[in-house]
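Values reported hereafter were calculated over all heavy atoms of this structure, with side chains retained and with hydrogens, waters and symmetry mates removed. First the proteins, then the strands, lettered A, B, ... as listed; each starts at 1.
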Number of protein chains: 2
Amino acid sequence: MKLGQATIKDIARELNVSSSTVSRALKDYPGISFETKKKVKDLAEKLNYRPNAIALSLRKSKSFTIGVIIPEVVHFFFSTVISGIEEVAFKNGYNVILCQTNEKLEREINCVETMLSNQIDGLLVSYSKETTDFSHFINLIDMEIPVVFFDRIPNIKNAVNVTVNDFSGGYQATKHLIDQGYRRIAHLAGPSNLAISKKRKEGYLAALSDSGISIDENLIVECPSANEKESFEICLRLFKDPINRPDAIFAHHDIVAAGAMMAIKSLGLRIPEDIGVVGFSNWQFASMIDPPLTSVLQPGIQIGEKATKILLEMIQNKDINHQEISNVVLDTELLIRKSSVKNY
Amino acid sequence: MKLGQATIKDIARELNVSSSTVSRALKDYPGISFETKKKVKDLAEKLNYRPNAIALSLRKSKSFTIGVIIPEVVHFFFSTVISGIEEVAFKNGYNVILCQTNEKLEREINCVETMLSNQIDGLLVSYSKETTDFSHFINLIDMEIPVVFFDRIPNIKNAVNVTVNDFSGGYQATKHLIDQGYRRIAHLAGPSNLAISKKRKEGYLAALSDSGISIDENLIVECPSANEKESFEICLRLFKDPINRPDAIFAHHDIVAAGAMMAIKSLGLRIPEDIGVVGFSNWQFASMIDPPLTSVLQPGIQIGEKATKILLEMIQNKDINHQEISNVVLDTELLIRKSSVKNY
DNA sequence: TTGTACGCGTTATCAA
DNA sequence: TTGATAACGCGTACAA
């Protein structure tokens, strides 16, 4: 018995018909006698025949595969996005091939190469923190390969972007802290080359402005690595001066917020009585820490679904009007928990 | 077909040589004049030539792709495993195609079909909670397609399994609680059809036994869904009776532990003073919750790496001795934090 | 040193 | 109603 899978040729040989007949019979093409059709289908069943997707790809110049490039899988938000992507792709008969960059530009370029070699029909990307030159993506777009950016979106002509309303998320978060009576609200900002960092910060600034609170540059600190350790240390410094210290923190995301909370606790300060805290993304742990963390919900699954739906549309209908879909912005929602409400 | 993807034929035509010459020149085959080689390579560079992986797959009957089937991406442990898988696969020039089952058997079978159609060279699997019949996997093994199971491993002849020592993890956790002076230790067990649930429970039982503590069946409760809500409710019931209530919890995993912690707090009990808690898997949030949760480290990245290395070995060397690698067990490590140490 | 021919699995096209 | 052929892109045995 031959290794591997039965092919159309195997069926044809065994039944003494041509492979085209088998192909047509299997696909219920008109003009095949009922008899032949039955013979073929029965044998196919018996041999456990399965069409070879690789051969199909070659024949049709279409791989039914979409590529996904993300910074890292081990990141709650990205894992939810992947989940949404996989879900929609699977339902539409597309495969997902996955590549993580570990936030390295070199690796990212390498991933794009791999994707190209593998003839992906389209690509979903959230680029790395190191990426400032987008030519490897622009090349793809120039080759007319559909590309959709999500979450971290570049400023590229003809790019299609899916993201949440980071500005409004930042605004909501900050406004909420103001409404709760906090006045010296610090912002732990994200890496400055990411548009999301800029947007969240702008939302923060706008909320302060709108409430007539003057902006104190000392209260805005960038967290380039955006991990809990970095944020812990930054906060220790930030809280050193008891006079000028902030009374609330709006963090770029929940991990940063968690680091801040640890710093606050380690200084013997109370959350939310002394310091209020709001995060971003609503990581899984947000509701489980103590006190539960108020956070801006960033609907990862929906982002993944939406981005994939758009990508599939672009793949299936090349003449789609890019202008209309070039910037999809999903709504955020503030999930209020104890970390920011004094009388919760 | 994507515009601008140059093929060997394009190069051949332009240079007035045969495509075999181009093919050979590109791969530095002997017997090609330096001159031709240079011409070909230069033009390839200029045209941005990239070998078509699909054509190569067909030609070589090898896809350089491995499939990964997991219950869900949005699960910290699995996301770490995927990360390890992707890392090793990428380094070895293999692609990763991903399929999640959402814990559904039907979907799982469907995923296997997809993988087969796509001619994966090998498969990594952690099966769904619903799966009790493994014939869809056994078929693969019978077809001599390399399959490696990780974390959730079946009892199948010739299967290759990679897992952590769940028994010893359960034992460590329980022993630690005993050493801390806890005596009425409850176990919130995982879904009963998973070997990992059984193993962790056996470790728990053995530790009690070895310490001469009698086993109270009322203190062992299964959590079939293993989410925080379920565990919260189970714990409320478990703690209703102030006389017979447990003084510690060993949970199947950290999410279950987190649910338990919420229940404990909501009843006004203190952790670890009144109730000690130990989880499993060391989810990312374990160190961030209050009090930080003692947990059994389950090295997901290493599991992913190890499983992939073994799979690639099986793919590249069909004559490998399965007996020797049929059961790889990685060590767990107990990370002791405040949730289980009264005088931390 | 280079070219020809074939096959990997499939299907569209034309011919019978 | 069915068959033969070519083509998708590539590599390679064989021929020149």
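For the pair B/A55 and B/G31, nearest-nucleotide mapping onto DNA chain C gives the more 5' position to B/G31. Along DNA chain C, the nucleotide nearest to B/V22 and the one nearest to A/L58 differ in position, and the one closer to the 5' end is contacted by B/V22.
For A/D10 and C/dT10, the CG to C1' distance is 13 Å, given to the nearest whole Å. Nucleotide D/dG3 holds its C1' atom 17 Å from the CZ atom of A/R13, rounded to whole Å. Separating the CG atom of A/N16 from the C1' atom of D/dT2 is a distance of 13 Å, rounded to the nearest angstrom. For the pair A/I11 CD1 and D/dG3 C1', the computed distance is 17 Å after rounding to whole Å. The nearest whole Å value for the distance from the CG atom in B/L15 to the C1' atom in C/dT1 is 16 Å. Counting to the nearest Å, the P atom of C/dG3 and the NZ atom of B/K9 are 15 Å from each other. The CG atom of A/D28 sits 16 Å away from the C1' atom of C/dT11 (whole-angstrom rounding). Whole-Å rounding puts the B/K62 NZ to C/dG9 P distance at 16 Å.
Phosphate proximity of C/dT1 to B/K37: absent, as no side-chain N or O sits under 4.0 Å from OP1 or OP2. A close approach under 4.0 Å does not occur between any side-chain nitrogen or oxygen of B/T7 and OP1 or OP2 of D/dG9.
Within the helix from C/dT1-D/dA16 to C/dA16-D/dT1, the inter-axis angle between the opening and closing five-pair segments is 60°, rounded to 10°.
Remark: B/T163 pairs with B/I153, B/D166, B/V329 by the side chain to side chain contact (heavy atoms under 4.5 Å, CB included) rule, at least two apart or across chains. For B/R152, the salt bridge (Lys or Arg N to Asp or Glu O under 4.0 Å) criterion is met by B/E103, not counting sequence neighbours. Judged as a salt bridge (Lys or Arg N to Asp or Glu O under 4.0 Å), and not counting sequence neighbours, the contacts of B/K41 are B/D28. For B/D142, the salt bridge (Lys or Arg N to Asp or Glu O under 4.0 Å) test picks out no residue, with sequence neighbours left out.
For residues 12-23 of chain B, the pairs satisfying salt bridge (charged side-chain N to carboxylate O under 4.0 Å, His left out) are B/D10-B/R13, with sequence neighbours left out. Note on residues 126-135 of chain B: pairs passing salt bridge (charged side-chain N to carboxylate O under 4.0 Å, His left out), not counting sequence neighbours, are B/K104-B/E130. Every pair passing side-chain hydrogen bond (donor to acceptor under 3.5 Å, both in side chains) that includes a residue from residues 63-79 of chain B is listed here, sequence neighbours excluded: B/S63-B/D121.
Using a 4.0 Å heavy-atom distance criterion, B/S57 is classed as making no nucleic acid contact.
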Ring pair (Phe, Tyr, Trp, His ring centres under 6.0 Å) evaluation trace for A/F137 with A/Y127: CA-CA 10 Å; A/F137 295 125; A/Y127 58 81; 7.1 Å; no
Summary of protein contacts for nucleotides 11-16 of chain D, nucleotide by nucleotide, where a base hit scores B, a sugar-phosphate-only hit scores S (4.0 Å, heavy atoms): BBB---
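The listed nucleotides are C/dT2, D/dC10, C/dC8; the one nearest the side chain of B/N52 is D/dC10.
The backbone N or O of A/E87 lies less than 3.5 Å from no partner atom in the side chain of A/E305, so there is not a single donor-acceptor pair.
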